[in-house]
A.B. asks: 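Next up is a structure, given as structure tokens.
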Amino acid sequence: MLKRLLVSFIAIIFVFTTIGSASAAPLFKDVSDNFSAKKELEYLAKRGIITADPTVNFGVQQEITRLEASEMIIKALGLETANRPAPNFTDVRPEDEGYAVIATIADEGIMNGNADGKFMPHDKLTRGQMAAILVSAFELEGATDYVFRDVPATYWASGAIQTLFAANVTTGYPDNTYKPTAFITKANFAVFIARILNPDFNQTPACYHPDNTKKYMVNVQVTTLWKQPGKNRVVDRPSLTSPTDIEKWAKSMSVSQKQWLVGKIDTQALYGQEVEILKSSGDWYQIAVKDQYVPHQKAGYPGWVPKSHITEVYPNYQDCPIAIIDANIAKLYDAPKLSDKYKFMDISYTTILPIVKEEKDWLYVQTPANGVKYVRKQDAKVVKNYEAIPKPTQKDIVDSAKQFLGLPYLWAGTSGFGFDCSGIMYSVYKNHGIIIPRDSFVQAANGTPVAKKNLEPGDLMFFAYNGGKGKVYHVGMYIGNGKMLHAPNSSKKIEIISYEAGIYKTNYAGARRYLK
């Protein structure tokens, strides 16, 4: 016990003298600068637990064997391998490679053989076995009431797995499973060792609270909701693939191809936006976008999307502060480095993601299914939660809408890649903490009625068929001085005009105020 406490003490001292001084030299052929476990592997290499060699692969995706795991544990604990008693395993001979390692790990009582007296040095190690071995080797302690979805209390290693969780060594997989019978890779085993030796690698944010309530979120930059599944064209492929490329889609269509979308698609949902699955048909889901209100569907705006656009999530980060993208388009990066080499995805205005860490010019955000990514602070605003968004002024609302002047119109669009008339109103108000209905004719029936003579900047103005007496078909935002900002149609771009220009004077149908 004293020996292991001493080893841990030395490890902590070592942390303060080496952490943060990452080596510029490559470690292994298969460990790139943006490899997720590069810092942990560098740390282990500096301690002599692994041996760096840029001419060979570490085998980051290879499953670790019992012998390889034993060697790493022995080096991490600083155990002597000389003069150990014979292990007496039937499958291990003194002349075998790793004999001294096996004798040491068995003598310490950390790993033993099976009922047949075999050590099985080249067998792969499961995650359940790994938990029991690490808890024993490093004498870890701790308990938790949280239970992984796939680790019942009756499972033989459940106690050890819970101890790893309590010690912040593991949080399991994003779907709140631990996968105890799955084999563990060399890279992942190395990460666990590094986290045990150096608590600074335990990057579980304080706002992380595991919750096994299943939810569904959009897992592409933007998903487009279709009235019917599979009723699309070749030109629509960039909007249907995973990942999507909405910018390419919008730019590749002619005016007539954009006009074809009218009546075929209804709305869009952004990366990380919560949805409810209503139906399934082949490769498609009918979903409802929860915060897009429509009178005919209580769950939210309905439509069909490719199944690959939706992922199952668990709201483990719902207590974290949030980043709300307020740049037209922002980049998510694989590393906090301002280079397209590290770009993960372009995301839209009003995309909302949980923040697990802030550092210098970067926000570390939790994605629906791809772990932590990085976005520049200048591209987002940070608030404690959605309800904490500061109340906007008229100027805030108008200025946010103006930043999209010149952006081409896109029917059903709700993103910085392209808006329709009601989509930009919905998105701007949502960005400022106010959820309004998605469609113009529903927007026109909510909020507070405003007489034309009392219009103020930020008010929404509506236009209807039959000289303003029929169904509402268009919405614009009053910006002052008799002008409005609007997204006109597929042949135009977002613009500012007089609200009494041409047909808009004839078809004016009233105004509504959503600013309190």
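Here the structure is a predicted model, which means the values were calculated and not measured.
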A.B. asks: By the salt bridge (charged side-chain N to carboxylate O under 4.0 Å, His left out) test, which pairs, at least two apart or in different chains, include something from residues 335-354?
C.D. replies: K343-D346
A.B. asks: Just wondering, more than 12 heavy atoms not from N385 lying within 6.0 Å of its CG?
C.D. replies: yes
A.B. asks: For the residue pair F58 and F28, categorise the inter-ring angle as parallel (less than 30°), tilted (30 to 60°) or perpendicular (more than 60°).
C.D. replies: tilted
A.B. asks: Report yes if the side chains of F35 and L41 come closer than 4.5 Å at any heavy-atom pair, otherwise no.
C.D. replies: yes
A.B. asks: Ignoring hydrogens and geometry beyond distance, is a side-chain donor-acceptor pair present between N232 and W226 at under 3.5 Å?
C.D. replies: no
A.B. asks: Do R66 and P121 have side chains that approach each other closer than 4.5 Å (heavy atoms only, starting at C-beta)?
C.D. replies: no
A.B. asks: Can you tell me how far CD1 of I73 sits from CD1 of I193, rounded to the nearest 0.5 angstrom?
C.D. replies: 5.0 Å
A.B. asks: Could you tell me whether the side chain of K179 and the main chain of G172 form a donor-acceptor pair under 3.5 Å?
C.D. replies: no
A.B. asks: Start with the C-alpha distance between Y146 and N176, add both sets of side-chain angles, then the distance that settles side chain to side chain contact (heavy atoms under 4.5 Å, CB included), and finish with yes or no.
C.D. replies: CA-CA 10 Å; Y146 177 68; N176 287 5; 3.3 Å; yes
A.B. asks: Would you call R84 and D107 a salt bridge, using N to O less than 4.0 angstrom?
C.D. replies: yes
A.B. asks: Apply ring pair (Phe, Tyr, Trp, His ring centres under 6.0 Å) to the pair F165 and F148, showing each step before the final yes or no.
C.D. replies: CA-CA 9 Å; F165 177 83; F148 288 105; 5.7 Å; yes
A.B. asks: Under 3.5 Å, is there a donor-acceptor pair between the side chain of H309 and the main chain of L240?
C.D. replies: yes
A.B. asks: Scan side-chain atoms only and decide if T185 and E63 contain a donor-acceptor pair under the 3.5 Å cut-off.
C.D. replies: no
A.B. asks: According to salt bridge (charged side-chain N to carboxylate O under 4.0 Å, His left out), does anything in residues 96-105 pair up with another residue at least two apart or in another chain? List the pairs.
C.D. replies: R93-D96
A.B. asks: Any side-chain to backbone donor/acceptor pair from S70 onto V101? Under 3.5 Å, distance only.
C.D. replies: no
A.B. asks: Should we say atom CG of D283 is surrounded by more than 12 heavy atoms from elsewhere, each under 6.0 Å from it?
C.D. replies: no
A.B. asks: If you round to the nearest 0.5 Å, how far is CG of L410 from CH2 of W249?
C.D. replies: 5.0 Å
A.B. asks: Over all heavy atoms of both residues, which pair between I161 and P180 is shortest? Give the atoms and the distance, please.
C.D. replies: CD1-CB, 4.1 Å
A.B. asks: Examine distances only and state if a side-chain atom of N57 and a backbone atom of G59 form a donor-acceptor pair shorter than 3.5 Å.
C.D. replies: no
A.B. asks: Over all heavy atoms of both residues, which pair between V365 and V375 is shortest? Give the atoms and the distance, please.
C.D. replies: CG1-CG1, 4.0 Å
A.B. asks: Flag the pair Q366 / N316 as yes when at least one side-chain heavy-atom distance between them is below 4.5 Å, and no otherwise.
C.D. replies: no
A.B. asks: Testing the basics here: between L225 and A269, what is the closest heavy-atom pair and its distance to 0.1 Å?
C.D. replies: CD1-N, 4.2 Å
A.B. asks: Has N219 got a side-chain atom pairing as donor or acceptor with S308's backbone, closer than 3.5 angstrom?
C.D. replies: no
A.B. asks: Does K377 use its side chain to pair, donor to acceptor, with the backbone of K360 at less than 3.5 Å?
C.D. replies: yes
A.B. asks: For residues 139-171, which residue pairs qualify under disulfide bond (SG atoms under 2.5 Å apart), counting only residues two or more places apart or in two chains?
C.D. replies: none
A.B. asks: Set out, in order, the CA-CA distance, both residues' side-chain angles and the distance that settles side chain to side chain donor-acceptor pair (under 3.5 Å) for S280 and K307, then state yes or no.
C.D. replies: CA-CA 9 Å; S280 175; K307 286 183 176 179; 2.8 Å; yes
A.B. asks: Mind checking the OG-CD spacing from S348 to E247? Nearest 0.5 Å is all I need.
C.D. replies: 11.5 Å
A.B. asks: Any side-chain hydrogen bond (donor to acceptor under 3.5 Å, both in side chains) involving residues 148-172? Give me the pairs, sequence neighbours left out, ordered by first then second residue.
C.D. replies: R149-Y314
A.B. asks: Passes salt bridge (Lys or Arg N to Asp or Glu O under 4.0 Å), D361 versus R376? Steps please.
C.D. replies: CA-CA 6 Å; D361 298 328; R376 293 186 302 170; over 6 Å; no
A.B. asks: Could you note down all residue pairs passing disulfide bond (SG atoms under 2.5 Å apart) where residues 186-218 supplies at least one of them, sequence neighbours left out?
C.D. replies: C207-C320
A.B. asks: Less than 4.5 Å apart, side chain to side chain, heavy atoms only: is that true for K227 and I265?
C.D. replies: no
A.B. asks: Quick one: side-chain hydrogen bond (donor to acceptor under 3.5 Å, both in side chains) partners of T81, sequence neighbours excluded?
C.D. replies: none
A.B. asks: Are Y173 and Y178 close enough that their ring centers fall under 6.0 Å?
C.D. replies: no
A.B. asks: Would a distance-only check, ignoring hydrogens and angles, find a side-chain to backbone donor-acceptor pair under 3.5 Å from Q292 to V289?
C.D. replies: no
A.B. asks: Quick one: ring-ring contact (aromatic ring centres under 6.0 Å, His included) pairs with a partner in residues 353-381, sequence neighbours left out?
C.D. replies: Y333-W362, Y364-Y374
A.B. asks: Can you name the closest pair of heavy atoms from T213 and D211 and give their distance?
C.D. replies: OG1-OD1, 2.7 Å
A.B. asks: Within this structure, what is the NZ-CD1 distance for the pair K381 and I322, rounded to the nearest 0.5 Å?
C.D. replies: 9.5 Å
A.B. asks: Tell me, please, whether F183 has R127 positioned over its six-membered ring: NZ or CZ under 6.0 Å from the ring centre and within 45 degrees of its axis?
C.D. replies: no
A.B. asks: Quick one: list whatever passes side-chain hydrogen bond (donor to acceptor under 3.5 Å, both in side chains) with T351, sequence neighbours left out.
C.D. replies: none
A.B. asks: Which residues satisfy the side-chain hydrogen bond (donor to acceptor under 3.5 Å, both in side chains) test with T126, sequence neighbours excluded?
C.D. replies: Q129
A.B. asks: Is there a side-chain contact between D379 and L363 (heavy atoms, below 4.5 Å)?
C.D. replies: no
A.B. asks: For Y271, what residues pass the ring-ring contact (aromatic ring centres under 6.0 Å, His included) criterion, not counting sequence neighbours?
C.D. replies: none
A.B. asks: Enter the distance from I110:CD1 to L77:CG here, rounded to the nearest 0.5 Å.
C.D. replies: 5.5 Å
A.B. asks: Among residues two or more places apart or on two chains, list those pairs meeting ring-ring contact (aromatic ring centres under 6.0 Å, His included) that have a residue in residues 95-126.
C.D. replies: F89-F119
A.B. asks: Using a 4.5 Å cut-off on heavy atoms from C-beta on, say whether the side chain of S400 contacts that of Y349.
C.D. replies: yes
A.B. asks: Can you find a pair of side-chain heavy atoms, one from M130 and one from L134, that are under 4.5 Å apart?
C.D. replies: yes
A.B. asks: Hydrogens and angles aside, do T204 and N202 bring a side-chain donor and acceptor to less than 3.5 Å of each other?
C.D. replies: no
A.B. asks: Is there a side-chain contact between I184 and F192 in this structure, where contact means two heavy atoms from C-beta onward sitting under 4.5 Å apart?
C.D. replies: yes
A.B. asks: So that I can tick it off, tell me whether E42 and K38 are bridged by a salt bridge, with the cut-off set at under 4.0 angstrom between side-chain N and carboxylate O.
C.D. replies: yes
A.B. asks: For A299, does its backbone N or O pair with a side-chain atom of Q297 as donor and acceptor, under 3.5 Å?
C.D. replies: yes
A.B. asks: Partners of Q286 by side-chain hydrogen bond (donor to acceptor under 3.5 Å, both in side chains), sequence neighbours excluded?
C.D. replies: none
A.B. asks: Output the distance between atom NE2 (H432) and atom CD1 (I389), rounded to the nearest 0.5 Å.
C.D. replies: 9.0 Å
A.B. asks: For the side chain of Q221 and the backbone of I246, is there at least one donor-acceptor N/O pair under 3.5 Å apart?
C.D. replies: yes
A.B. asks: Between the side chains of Y426 and D291, does any donor sit under 3.5 Å from an acceptor?
C.D. replies: yes
A.B. asks: Hey, does the side chain of S136 reach the backbone of A132 with a donor-acceptor pair shorter than 3.5 angstrom?
C.D. replies: no
